[in-house]
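In what follows, a structure is listed as structure tokens, so that the remarks can point back to it.
One-based numbering along the sequence shown.
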Amino acid sequence: NAGDATLARTKELPGGGKVENIRVAKPVFVLEPSGAYRASADMSIGGGTVGSVKLGTARAKVTIDNRQAALKDISAEIMDGKLDGNATIALDDRAKSNISAAFSGLDLGKILALQGGRVVPVEGETSGTVDFSFNGTNFRTATGDIKADISANAGMQDRGMIPVTGRVEATAANGLFDIVVGRLKTDNSEFNATGALDLNGNSSNLAMNLLSSDAREIDRLVRVMNIVPEYESMADEYKAAFAGAVEFKGAMTGDLDDPT
């Protein structure tokens, strides 16, 4: 029973963290005369946080050496959902890391909040599979694929909720993601996005298409999500109302941090 451990604040983990109730079974430690080492054990934790991500119980077979940390047969509760799989995390950028897992019931609102640092008014969950390799801890060099289904409600109780379902399928090569399927649907509207998202450069080229049989739903979705506060204030000022069919086609290109 190793108890609790504090995770130091680093460049990769600026929020630090804490792992609670660590238990280790069947530990084996090997130290070579050259200074190379290998340690393995069956490990479990009772909870904790990594950055802003809350952890539940988790267990895995762990092997650590000079080059990498390998976690086999992971079974973990995370973001109010479940994750099962395997992971190898390289300790420097010259070696490859790999994550292969199936996830179910992950809290979509918490995942979205991680991206922009703000609370996103979405209640729901996502389930799917992920298989990625990347250099060290640099996910912007990811190669692999992800598939995920989404079932959620957008908005807040005081502003009303809109049911949303969706599907995402993407493959990646060295940080360049090819969005094969990017679909979100409501009762009267559908949004599709396909094309390239470049996490590492300026090669993003994403085609977007929104088609709705009821513009009132789009108006309401923008309002309940608080996506464009300026739009809401101007529409209210001019008492503008929207109805009928609406279609939007567009493209996003360039750098993800400053796109066109």
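- Among I99, T141, N98, the single residue meeting the side-chain contact (heavy atoms from CB on, under 4.5 Å) criterion with S133 is N98.
- Within the model, atoms CG of L108 and OG1 of T126 stand 6.0 Å from one another, a figure rounded to the nearest 0.5 Å.
- Here NZ of K61 is found 5.0 Å from CG of D73. Values are rounded to the nearest 0.5 Å.
- Dense packing is recorded around CZ of R167, with more than 12 heavy atoms of other residues, nucleotides or ligands lying under 6.0 Å away.
- For Y37, there are no side chain to side chain donor-acceptor pair (under 3.5 Å) partners two or more places apart in sequence or in a different chain.
- Side-chain heavy atoms closer than 4.5 Å link hydrophobic residues (I, L, V, M, F, W, Y) into clusters, and following such links, possibly through other members, connects L221 to Y231.
- Side-chain contact check for K96 and T88: no donor-acceptor pair (N or O, by modelled atom type) lies under 3.5 Å.
- Residue Q68 forms a side-chain contact (heavy atoms from CB on, under 4.5 Å) with just one option from D65, N66, I64, and that option is D65.
- Atom OG1 of T129 and atom NZ of K147 lie 6.0 Å apart (nearest 0.5 Å).
- Listed by first and then second residue, the ring pair (Phe, Tyr, Trp, His ring centres under 6.0 Å) pairs involving residues 164-193 are F132-F177 (not counting sequence neighbours).
- Among residues two or more places apart in sequence or in another chain, the side chain to side chain donor-acceptor pair (under 3.5 Å) test is passed with E123 by none.
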(request) Let me see the working for E217 and T186 under side-chain hydrogen bond (donor to acceptor under 3.5 Å, both in side chains), right down to the final yes or no. (result) CA-CA 9 Å; E217 185 180 70; T186 65; 2.5 Å; yes
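- Between atom OG of residue S104 and atom CG of residue L83 there is a gap of 8.5 Å, rounded to the nearest 0.5 Å.
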